[in-house]
Amino acid sequence: ALVTTKGFRDVLEITRGNRPETFNRRYRRHECLIPRRLRFEGDGRVRGGPGAELPTGIVVHDSVGAGARSVFPRMGSRATFLWQHEFPAERIAATAAQQFERLTGRHLQIDGDVSPRFWPVLGVSTGPVTIANADWSDAGPMFRAESLSIEINASALLGGEVRILGIRATRPQIVLERARDGRENWVFGGGGSGGEVSTTTPGVGRAYTLDEALMTGGTIRFIDHGTGQDVTLDTVDASLKIPDFSGPAQLAGSAVMAGQKVSLTAEAGVFSAFTEGRVVPLYSQARSGGAEISLAGRGGFGPVTASG
């Protein structure tokens, strides 16, 4: 939900009023992050710094008639937004889980406390999180973590840009799996048990940047039922940075495999093309014990290929 100064309810839809693809007659704006029915107006005005300058005892206007109404307590010129009262964290978590399952076909379970934040960072911190595996797998959940946090630059989002400030997973357990018939558990969509997500889903393919994604103390297991390969990486610490969606992405990490410490650094050029499965410039360097392997060439993942 969004509470804003009276008269600014539709700023999210108006944004800058620009048209990124001037000559594309089929161009459509992405759906608004917050639907109009969850955008509320209040008297007064917002000032710089913490808090909001408002007259005492002001009622937030609910122009849709049936939505939530909230009265700010009399606290002089400072007002506290009672999000936990009108928009409890449990309801936010339940809604997110329902939408995730609709799009991906996977059950998302969020346990423990959920702490949402709205400004200047739009984000959420959770307790234990579990994402179910594909229905053909018997290897347990695809993803499990003791805690998860996601932060997005809220002011940039209002301007139509997606700037992810950080993603952090504590002690995640990730299972990547390929079935005998070639199906992969990290591929979503196609309807049915695969979920409804597709290239036409709002937000899919949208450019974004990522300051840093971190995983600490994790485990990654890869299973290929066609070849019989089963590899596990323990004590995984990794960092991923995507400063420019059309530029390079940097990955760095370390882990323990079969009792031996390994490390990896990699950079994939033109990240937007890499996400589409296209071959892009690739540099990587891996170390294990006294051995070192480096690659300076080109690579992609759809299918997995590398040359150099």
Side-chain angles (χ1 to χ4, degrees), residues 1-5 8-16 30-36 38-42 44-54 60 68 70 72 75 78-97 99-100 108 110-129 131 143 145-172 202-203 206-216 238-245 247 249-250 271:
L2 172 72
V3 175
T4 186
T5 307
F8 288 86
R9 185 183 183 197
D10 295 318
V11 167
L12 284 178
E13 293 185 42
I14 297 173
T15 62
R16 297 176 180 173
H30 293 289
E31 287 187 5
C32 199
L33 178 68
I34 304 174
R36 199 168 192 271
L38 293 180
R39 301 200 294 265
F40 307 100
E41 299 177 338
R45 58 180 177 175
V46 177
R47 296 184 184 274
E53 296 290 340
L54 293 169
V60 174
S70 175
F72 293 113
M75 298 176 60
R78 295 291 174 183
T80 301
F81 296 131
L82 302 179
W83 292 107
Q84 287 76 13
H85 174 69
E86 294 292 355
F87 307 102
E90 294 78 7
R91 187 187 305 175
I92 295 174
T95 300
Q99 290 300 314
F100 183 87
L108 169 63
I110 303 175
D111 298 314
D113 294 333
V114 178
S115 303
R117 298 180 299 283
F118 298 94
W119 192 266
V121 172
L122 178 65
V124 64
S125 298
T126 76
V129 175
I131 299 176
F143 178 89
E146 291 183 0
S147 65
L148 182 68
S149 68
I150 302 174
E151 297 180 339
I152 299 173
N153 187 311
S155 60
L157 196 63
L158 290 176
E161 301 177 50
V162 180
R163 297 181 186 173
I164 305 173
L165 301 176
I167 301 175
R168 294 175 177 80
T170 304
R171 299 183 63 83
R206 185 174 184 175
Y208 61 89
T209 61
L210 170 62
D211 286 2
E212 188 173 35
L214 289 172
M215 64 180 295
T216 57
S239 167
L240 173 65
K241 299 179 181 180
I242 310 170
D244 184 347
F245 190 71
Q250 297 97 31
F271 178 72

- Item | Side-chain heavy atoms of Pro128 within contact of Glu146, under 4.5 Å | no
- Item | Sub-4.5 Å side-chain heavy-atom contact between Gln250 and Pro243 | yes
Working to the nearest 0.5 Å, report the span between [atom1] of [X] and [atom2] of [Y].
{"X": "Asn153", "Y": "Leu122", "atom1": "CG", "atom2": "CG", "answer": "9.5 Å"}
{"X": "Lys241", "Y": "Phe271", "atom1": "NZ", "atom2": "CZ", "answer": "15.0 Å"}
{"X": "Ser147", "Y": "Ile110", "atom1": "OG", "atom2": "CD1", "answer": "12.5 Å"}
{"X": "Arg168", "Y": "Thr216", "atom1": "CZ", "atom2": "OG1", "answer": "10.0 Å"}
{"X": "Ser125", "Y": "Glu151", "atom1": "OG", "atom2": "CD", "answer": "6.5 Å"}
{"X": "Leu214", "Y": "Thr170", "atom1": "CG", "atom2": "OG1", "answer": "9.5 Å"}

Results of side chain to side chain contact (heavy atoms under 4.5 Å, CB included) for [X] - residues two or more places apart only:
{"X": "Asp113", "value": "none"}
{"X": "Pro35", "value": "Arg37, Leu38"}
{"X": "Thr209", "value": "Arg163"}
{"X": "Val162", "value": "Leu157, Ile164, Arg206, Tyr208"}

- Query: Which atom names give the shortest non-hydrogen contact between Leu148 and Ile167, and what distance separates them?
  - Reply: CD1-CG2, 4.5 Å
- Message: For Leu240 versus Leu210, what's the shortest heavy-atom pair and its separation?
- Response: O-CD2, 3.8 Å
- Message: List the residues meeting salt bridge (charged side-chain N to carboxylate O under 4.0 Å, His left out) with Glu212, not counting sequence neighbours, and say none if there are none.
- Response: none
- Message: Check this for me: does any side-chain nitrogen of one of Arg36 and Asp10 sit under 4.0 Å from a carboxylate oxygen of the other?
- Response: yes
- Contacts of Phe143 that satisfy ring-ring contact (aromatic ring centres under 6.0 Å, His included) - sequence neighbours left out: none
